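There's a structure below that I have some questions on.
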Amino acid sequence: MIRVGTQAPDRPIGRRRLFRVAFGGLATPAGVELVSAIAPYLRVNKIVGLGVPVAVGPAASIFERFAATGDAPILFREGHFFLLHAPGGVIAAYRKCTHLGCAVPWVPAEDQFHCPCHQSKYDKHTAVVVGGPAPKPLQLFHISEQAGQLIVDTNPLNVIDRPGNQWDPAVIEIPEAPPISA
């Protein structure tokens, strides 16, 4: 028969129960630490800008900027590309090195692109390899003109791939306007 309002007599904690409580007390913080270490890798990182059309401005202002800076490439971080003043027009070079995929920066002191990972070097006008282990030039994004604005299509699945390491003027989609003679 069970009596209401009475307490069970105090018993000493057995060895098995003590080990269960101790294991639970130690396993809980370890589990929390494990989950907090793995959780950041389960989150999907969204690459902002890559894969969408990027408006870069009117062609005239781009060519003026090239003239003012001595043809220094124009970086667009949003789309991961540089605008280059190629012979006869403008091209958009994807910043991804063709050797192992590192982001290629413009190095003004060297007047060329220089990959920090394995020292590939690219020409500032054509993005053609001038040194290092890269097997081919930087890939190019397509450029179009819509309502007076240049639009760069940054879809990495729709790039202009140049297998030979030579400049081909046929890749220019935005030609330089001839000078107006008075």
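In this text the structure is predicted, and so the values were computed from the model without any measurement.
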*Evaluate the side chain to side chain contact (heavy atoms under 4.5 Å, CB included) criterion for residues Y122 and V130: first the C-alpha distance (whole Å), next the side-chain angles of each, then the deciding distance (0.1 Å), finally the verdict.*
CA-CA 5 Å; Y122 300 91; V130 293; 5.8 Å; no

*Taking every non-hydrogen atom, the tightest pair across G79 and V54*: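 Scanning both residues, the minimum pair turns out to be CA-CG2, 4.2 Å.
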
_When you measure from the side chain of T28 to the backbone of G25, do you find a donor-acceptor pair of N or O atoms at a distance under 3.5 Å?_
no

_Would you say the ring centers of F63 and H85 fall short of 6.0 Å from each other?_
yes

*For the side chain of E173 and the backbone of I143, is there at least one donor-acceptor N/O pair under 3.5 Å apart?*
yes

*Would you say the ring centroid of F82 lies under 6.0 angstrom from that of Y94?*
no

*Taking C-beta and beyond as the side chain, do H142 and I160 meet within less than 4.5 Å on heavy atoms?*
yes

*Quick one: CD1 on I74 to OG on S61, what's the gap to the nearest 0.5 Å?*
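Interatomic distance, I74 CD1 to S61 OG, rounded to 0.5 Å: 8.0 Å.
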
*Taking the side chain as every heavy atom from C-beta outward, state whether I151 and V56 have any pair of such atoms under 4.5 Å apart.*
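In short, these two side chains do not touch, never coming nearer than 4.5 Å.
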
_Approximate separation, where rounding is to 0.5 Å, of K121 NZ and Q112 CD_ =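 Taking NZ in K121 and CD in Q112, the distance rounds to 5.5 Å.
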
*Nearest heavy-atom neighbours spanning T98 and P137*: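 It is CG2-O, 3.1 Å.
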
*Which distance, rounded to the nearest 0.5 Å, do you find between the CG of L84 and the OG1 of T126?*
8.0 Å

*Is the SG-SG separation for the cysteine pair C97 and C117 below 2.5 Å?*
no

_Does any part of the side chain of F81, heavy atoms only, come nearer than 4.5 Å to the side chain of L83, both counted from C-beta?_
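Yes, side chains in contact.
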
*Begin with the C-alpha distance, continue with both residues' side-chain angles, and end with the deciding distance and a verdict on side chain to side chain contact (heavy atoms under 4.5 Å, CB included) for E145 and L150.*
CA-CA 5 Å; E145 191 167 5; L150 295 183; 4.1 Å; yes

*Would you indicate whether E110, at its atom CD, is surrounded by more than 12 heavy atoms from other residues, nucleotides or ligands within a distance under 6.0 Å?*
yes

*Starting at SG of C102, measure out to NZ of K96 and round the result to the nearest 0.5 Å.*
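So the SG of C102 and the NZ of K96 are separated by 10.5 Å.
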
*Do the non-hydrogen side-chain atoms of D153 and F141 ever get within less than 4.5 Å of each other?*
no

_Where P73 and F113 come nearest, the two heavy atoms and their spacing_ = CG-CZ, 3.5 Å

*Find out whether P116 and P105 are in side-chain contact, i.e. whether some heavy atom of one side chain is under 4.5 Å from a heavy atom of the other.*
yes

*asked:* Could you measure the distance from the CD atom of Q139 to the CG atom of N158? Nearest 0.5 Å is fine.
replied: 11.0 Å

*May I ask whether L18 and L26 are part of the same hydrophobic cluster, defined by side-chain heavy atoms of I, L, V, M, F, W, Y residues being less than 4.5 angstrom apart, directly or through others?*
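No, L18 and L26 fall in different hydrophobic clusters.
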
*Between I172 and G89, which heavy-atom pair has the shortest distance, and what is it?*
CD1-N, 3.7 Å

*Check: V128 main-chain N/O paired with D123 side-chain donor or acceptor under 3.5 Å*: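 No, the answer is negative, given that no donor and acceptor are paired below the 3.5 Å cut-off.
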
*asked:* With a 4.5 Å cut-off on side-chain heavy-atom distances among I, L, V, M, F, W and Y, is there a chain of contacts connecting V159 to V104?
replied: no

*Does R162 come within less than 4.0 Å of D168, counting only side-chain N to carboxylate O?*
no

*Is there side-chain contact between W106 and L75, with at least one heavy-atom pair below 4.5 Å?*
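Side-chain contact under 4.5 Å: no.
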
*Measure the acute angle between the ring planes of H118 and H99, then classify it against the limits of 30° and 60° as parallel, tilted or perpendicular.*
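Geometry flag for H99 against H118: perpendicular rings.
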
*Could you tell me whether a side-chain N or O of S120 sits under 3.5 Å from a main-chain N or O of G132, the two making a donor and an acceptor?*
no

*Is there side-chain contact between E176 and V90, with heavy atoms separated by less than 4.5 Å?*
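They are not in contact (no side-chain heavy atoms under 4.5 Å apart), so the answer is no.
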
*Q119 vs H114, side chain to side chain contact (heavy atoms under 4.5 Å, CB included): CA-CA, chis, key distance, verdict*: CA-CA 6 Å; Q119 309 308 315; H114 192 153; 2.5 Å; yes

*Decide if atom NZ of K124 counts as having more than 12 heavy atoms of other residues, nucleotides or ligands within a radius under 6.0 Å.*
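Counting other residues, nucleotides and ligands, NZ of K124 exceeds 12 neighbours.
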
*Does the side chain to side chain contact (heavy atoms under 4.5 Å, CB included) test come out yes or no for D161 and K136, once each step is laid out?*
CA-CA 9 Å; D161 205 8; K136 58 186 179 179; 2.8 Å; yes

